[in-house]
Enquirer: 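This structure is in structure tokens; I'll ask about it shortly.
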Amino acid sequence: MRPNQHYPILKQYINPINTPTIMNYWLVKSEPDTFSWNDLVTLGRDMWNGVRNYQARNNLMAMTLDDLVLFYHSVKNPGVVGIAKVVSTHYPDPTSPDDPRWVVVDLAPEQALEQKVSLASIKQQPELAGMLLLRQSRLSVMPVTTAEFHTIVQMGKLTVK
DNA sequence: GCCAACGTTGGC
DNA sequence: GCCAACGTTGGC
């Protein structure tokens, strides 16, 4: 994936003045040993399956097409490593065929951060003190505010001109 | 490897 | 409805 290949699209999304529709921002966690950002890049698209928590499930169900999603590596050197995009809204999780409670969305890689935004640096950034990530450490799918999204993107060296 | 946080289960 | 026991997640 060429680093700035998608930059013009990203710029459109993260500039509130030019945003064509209401955008939602999210954060999803994955243990890189299980499924990493590079795995998503390699696949080009992935079904985000396996969520078995109601709060996380409700967040998946609230995602709309083209929402941007911070991709967070948990456990090992935790931090945000990339930006993904919602390319399919929720549908039943095929990995729980006998349990209709659970859903998936499809995600595609949008843009790798130039620099990982570590959990430690998030904790040190006063503007991010209110992040749900810091208050509810076990939640794996969560909303992110527009301001928080901007801050993370800038910390990841994807500054908007 | 340890432990805190927190969600779920099941006894009462 | 309460709560103890237990399992899982995730930071350190």
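Chain letters run A, B, ... following the sequence lines, proteins first, then strands; residues in each count from 1.
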Enquirer: Check the pair A/Y72, A/W37 against ring pair (Phe, Tyr, Trp, His ring centres under 6.0 Å), reporting the backbone distance first and the verdict last.
Expert: CA-CA 8 Å; A/Y72 178 91; A/W37 168 259; over 10 Å; no

Enquirer: Nearest 0.5 Å, what's the CE-CG distance between A/M63 and A/D106?
Expert: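 Going from CE on A/M63 over to CG on A/D106, the span is 11.5 Å.
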
Enquirer: Answer yes or no: is there a side-chain heavy-atom contact under 4.5 Å between A/D67 and A/K85?
Expert: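 In short, these two side chains do not touch, never coming nearer than 4.5 Å.
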
Enquirer: With a 4.5 Å heavy-atom cut-off, do A/K76 and A/D33 have their side chains touching?
Expert: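 Side-chain contact under 4.5 Å: yes.
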
Enquirer: Hey, do the aromatic rings of A/W26 and A/F71 have their centres closer than 6.0 Å?
Expert: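 No, the ring centres sit 6.0 Å or more apart.
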
Enquirer: How does protein reach along nucleotides 5-11 of chain C, written 5' to 3' as B (base within reach of a heavy atom under 4.0 Å), S (only sugar-phosphate), or - (no contact)?
Expert: --BBBSS

